[in-house]
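Numbers restart at 1 for each chain; the letters A, B, ... are given by sequence-line order, proteins then strands. All values derive from a computational prediction rather than experimental measurement.
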2 protein chains.
Amino acid sequence: MTNTIYTRQHIIKAGATLEACITNASTRYNIKQTNSHRIFHTKESLFSAGEEFEGLYILRSGSAKSFITSLDGDEHITKFFYPGDLLGADGFDEHKYNENILFLETSSVCLVKESDLHNLVKTSDDFRSCLLRSMSHALVKDNSQMMCLNTCSSEQKVARFIIELSEQFHSLGLSCTKLRLSMTRTDIANYMGMAIETVSRILTSFQNKQVLSIKNRQLTILKLDTLYSLASKEQCSNDFCANTYTEKNIGAVY
Amino acid sequence: MTNTIYTRQHIIKAGATLEACITNASTRYNIKQTNSHRIFHTKESLFSAGEEFEGLYILRSGSAKSFITSLDGDEHITKFFYPGDLLGADGFDEHKYNENILFLETSSVCLVKESDLHNLVKTSDDFRSCLLRSMSHALVKDNSQMMCLNTCSSEQKVARFIIELSEQFHSLGLSCTKLRLSMTRTDIANYMGMAIETVSRILTSFQNKQVLSIKNRQLTILKLDTLYSLASKEQCSNDFCANTYTEKNIGAVY
DNA sequence: CGGTTACTTGAGTAGCATCAATCTAGGTGG
DNA sequence: CCACCTAGATTGATGCTACTCAAGTAACCG
């Protein structure tokens with residue numbers, strides 16, 4: 001049964017299910033399963049924009065980032081990936097990958113070759129549903145990310161980023177309050193469309209508010225509910241935002 | 001043969017091809033074709049977020065916008081649609097539509113019911129490829145839109161918006177220099193993440209620079225190449241941006 | 001342990017949003 | 001057919017968010 005109740009984090013499930021589907025369907029419909037597993041290390045590349053599309057990858061462990069490059073050479077991070085996530089779905093378009101994937105830590109992936117993919121889509125109802133759902137979910141996430149980029153203040157952006165991460169970790173069965181960031185501050189800033197100094201300042205202000213504590217890459221969320229209210233729009237209008245830059249001056253760490 | 005050479009605008013082709021695929025495949029594989037055609041008028045809604053997913057729509061004529069609503073009720077336009085575009089692909093995710101679609105003018109659509117969709121994907125190689133390509137292309141476009149929102153100045157955003165529109169029109173066989181905007185300035189501002197006043201000011205500045213002329217919704221591009229350079233990053237750094245707000249004061253319309 | 005990369009903090013300012021007022025066009029009803 | 005009304009668009013003045021530049025500190029790696 002694939003009729004699970006779908007939550008906000010279900011891309012993970014969909015991803016996990018995808019892999020299950022592959023195993024199931026391969027044996028059931030007697031499809032020669034050629035999906036290979038590989039391990040990569042920090043800063044290694046899975047593929048780059050322009051390379052021939054070979055199939056989809058499922059991230060099994062670790063984490064990665066995808067980025068595209070503008071004509072003038074600067075890079076923009078489009079997404080961070082965690083176990084269960086699908087990599088390379090943008091490759092169907094022109095039959096070559098559209099983005100670059102770099103691993104943020106030691107990670108393992110599993111390749112589903114294009115030919116297998118088509119067989120699986122044809123024969124397995126589960127797999128077909130999973131794949132469509134997974135790509136569809138990516139579109140949904142893109143929309144909400146775009147809305148955030150367009151309408152959120154920097155403070156809200158950082159709060160949202162941390163919450164998203166926390167939920168992601170939670171859905172993977174990890175702690176949602178104690179997390180290790182696998183990306184740099186620069187990566188976060190780039191992804192969220194802000195200056196690295198702003199990210200740093202806001203994280204410091206969150207620490208001053210006792211909302212979280214962060215040392216290097218080790219993040220502990222102290223007040224999850226406050227973080228949520230910082231991420232929502234109404235909350236911000238009066239005090240919080242204004243204080244981000246000035247609170248040191250009025251000297252208060254209540 | 002679906003192995004066309006893919007250009008920037010090929011989502012149109014893919015959309016068009018999609019429809020062709022449906023017709024072909026339906027007759028060839030004897031699939032009961034239940035896709036219905038309907039006509040909508042300005043400001044009418046195709047579906048709203050949360051409604052049960054029934055299938056995909058292909059826009060045949062006219063134009064539409066999609067938007068999502070945040071918790072505090074404000075709306076954010078996520079995309080504009082033109083003939084050939086696929087509507088509702090985000091519905092696979094939770095089996096309900098995720099966004100709202102409103103038509104910007106009198107338009108017609110064609111529904112491909114979910115059941116038909118699955119049959120087509122199973123039986124028709126062409127249709128399957130088209131669908132995957134189409135969804136994949138949406139992901140690619142999202143990425144470039146996000147990069148634009150994150151890194152472009154307001155001037156670049158407006159320039160890019162117009163160029164995108166021009167290319168869209170061109171790929172539809174219409175003039176790429178004389179176009180009628182089907183959306184309001186407010187819509188453009190919302191989509192591009194800026195204030196409506198800023199959009200208006202920049203359009204005025206483009207007119208002063210003789211790059212384009214715009215009267216109400218009727219836009220004529222006078223210098224396409226200049227527009228392209230305004231949209232690229234390097235160009236902006238020195239003169240143009242600084243002058244956007246001040247050029248009137250120094251009084252010059254060279 | 002020197003060199004590089006990552007991060008923090010401060011000061012100054014530009015770009016753009018906001019507020020407010022005016023203008024225009026399209027639609028409606030008397 | 002004209003006067004009115006409302007939504008859409010323009011233009012100006014002002015202020016704030018967040019970027020840039022700059023300098024210093026901390027962590028990491030060979």
Side-chain angles (χ1 to χ4, degrees), chain A residues 41-43 74 104-105 149-159 180-190 192-208 213-219 230 233 236-249 251 253, chain B residues 41-43 74 102 104-105 149-158 180-190 192-208 213-219 233 236-251 253:
Chain A
H41 296 285
T42 313
K43 290 185 184 177
D74 51 48
L104 299 172
E105 60 193 306
L149 295 178
N150 268 353
T151 62
C152 288
S153 69
S154 285
E155 190 174 55
Q156 290 165 339
K157 284 181 185 175
V158 175
R180 235 200 102 269
L181 305 180
S182 53
M183 71 292 290
T184 66
R185 304 277 195 279
T186 310
D187 284 342
I188 298 174
N190 184 307
M192 287 280 123
M194 38 199 291
I196 179 184
E197 294 95 328
T198 310
V199 172
S200 186
R201 271 184 256 271
I202 288 170
L203 285 175
T204 308
S205 97
F206 283 178
Q207 285 198 92
N208 291 343
S213 84
I214 183 166
K215 180 136 205 285
N216 301 327
R217 304 285 183 86
Q218 192 60 47
L219 172 69
L230 283 166
K233 307 248 179 71
C236 176
S237 39
N238 321 326
D239 318 283
F240 290 117
C241 283
N243 289 345
T244 305
Y245 279 78
T246 54
E247 63 191 356
K248 301 178 279 301
N249 304 333
V253 181
Chain B
H41 297 286
T42 313
K43 291 186 182 174
D74 50 49
L102 281 189
L104 299 172
E105 59 191 308
L149 295 179
N150 269 352
T151 63
C152 288
S153 70
S154 284
E155 190 174 55
Q156 290 165 340
K157 284 180 184 174
V158 175
R180 234 200 103 270
L181 304 180
S182 53
M183 71 291 289
T184 65
R185 306 276 195 280
T186 309
D187 283 343
I188 299 174
N190 183 307
M192 287 279 126
M194 41 201 288
I196 179 185
E197 293 95 330
T198 309
V199 173
S200 186
R201 270 184 256 271
I202 289 169
L203 285 175
T204 308
S205 97
F206 283 178
Q207 284 197 94
N208 291 343
S213 85
I214 183 167
K215 181 138 204 286
N216 301 328
R217 303 284 183 85
Q218 192 58 49
L219 173 69
K233 307 252 178 69
C236 176
S237 38
N238 319 327
D239 319 282
F240 291 117
C241 281
N243 289 345
T244 304
Y245 279 80
T246 56
E247 61 191 358
K248 301 177 277 304
N249 302 333
I250 58 174
V253 180

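Atom CD1 of A:I202 and atom CG of A:L230 lie 10.0 Å apart (nearest 0.5 Å). Of the inter-residue distances, the one linking B:R180 atom CZ with B:N216 atom CG reads 9.5 Å to the nearest 0.5 angstrom.
Distance, B:Q218 CD to C:dA25 P: 15 Å, rounded to whole Å. For B:R217 and D:dT10, the CZ to P distance is 11 Å, given to the nearest whole Å. Counting to the nearest Å, the C1' atom of D:dT20 and the CE atom of A:M194 are 15 Å from each other. If you measure from atom CD1 of B:I196 to atom P of D:dG12, you get 16 Å, rounded to the nearest angstrom. The interatomic distance linking A:L149 (CG) with D:dA18 (P) rounds to 13 Å, in whole Å. The separation between B:E155 atom CD and C:dA14 atom P is 17 Å, rounded to whole Å. Going from atom CG of B:L203 over to atom C1' of D:dT11 covers 14 Å, rounded to whole Å. B:N208 places its CG atom 12 Å from the C1' atom of D:dT11, with the value rounded to the nearest Å.
Shortest non-hydrogen contact noted between B:M194 and B:S154 is CE-CB, 3.6 Å. Between B:E155 and B:S205, the closest heavy-atom pair is OE2-OG, 4.2 Å.
Listed by chain and residue number, B:R185, B:T186, B:A189 satisfy the side-chain contact (heavy atoms from CB on, under 4.5 Å) test with B:I196 (two or more places apart in sequence, or in another chain). A:E105 pairs by the side-chain hydrogen bond (donor to acceptor under 3.5 Å, both in side chains) definition with A:S63, not counting sequence neighbours. Under the side-chain contact (heavy atoms from CB on, under 4.5 Å) criterion, A:D187 pairs with A:K65, A:I77, A:F80, A:L104, A:M183, A:T184, not counting sequence neighbours.
Within the 4.0 Å cut-off from OP1 or OP2 of C:dT8, at least one side-chain nitrogen or oxygen of A:R185 is found. Between A:R201 and C:dC7 there is no side-chain polar atom (N or O) within less than 4.0 angstrom of OP1 or OP2. Phosphate proximity of D:dT10 to B:T204: absent, as no side-chain N or O sits under 4.0 Å from OP1 or OP2. Look at A:S154 and you'll find a side-chain N or O under 4.0 angstrom from OP1 or OP2 of D:dA18.
A:I214 is not listed as a side-chain neighbour of A:F206, based on a closest heavy-atom distance of 4.5 Å or more. The shortest distance between side-chain heavy atoms of B:V158 and B:M192 does not fall below 4.5 Å.
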Using a 4.0 Å cut-off on protein heavy atoms (strictly under), produce a 5'-to-3' string for nucleotides 22-30 of chain D with B for base contact, S for backbone-only sugar-phosphate contact, and - for none. B----S---
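Listed candidates were D:dT11, C:dC16, C:dT8. Nearest to the side chain of A:S200 is C:dT8.
For the pair B:V199 and A:K157, both in contact range of DNA chain D, the more 5′-proximal nearest nucleotide belongs to B:V199.
Within the helix from C:dC1-D:dG30 to C:dG30-D:dC1, the inter-axis angle between the opening and closing five-pair segments is 50°, rounded to 10°.
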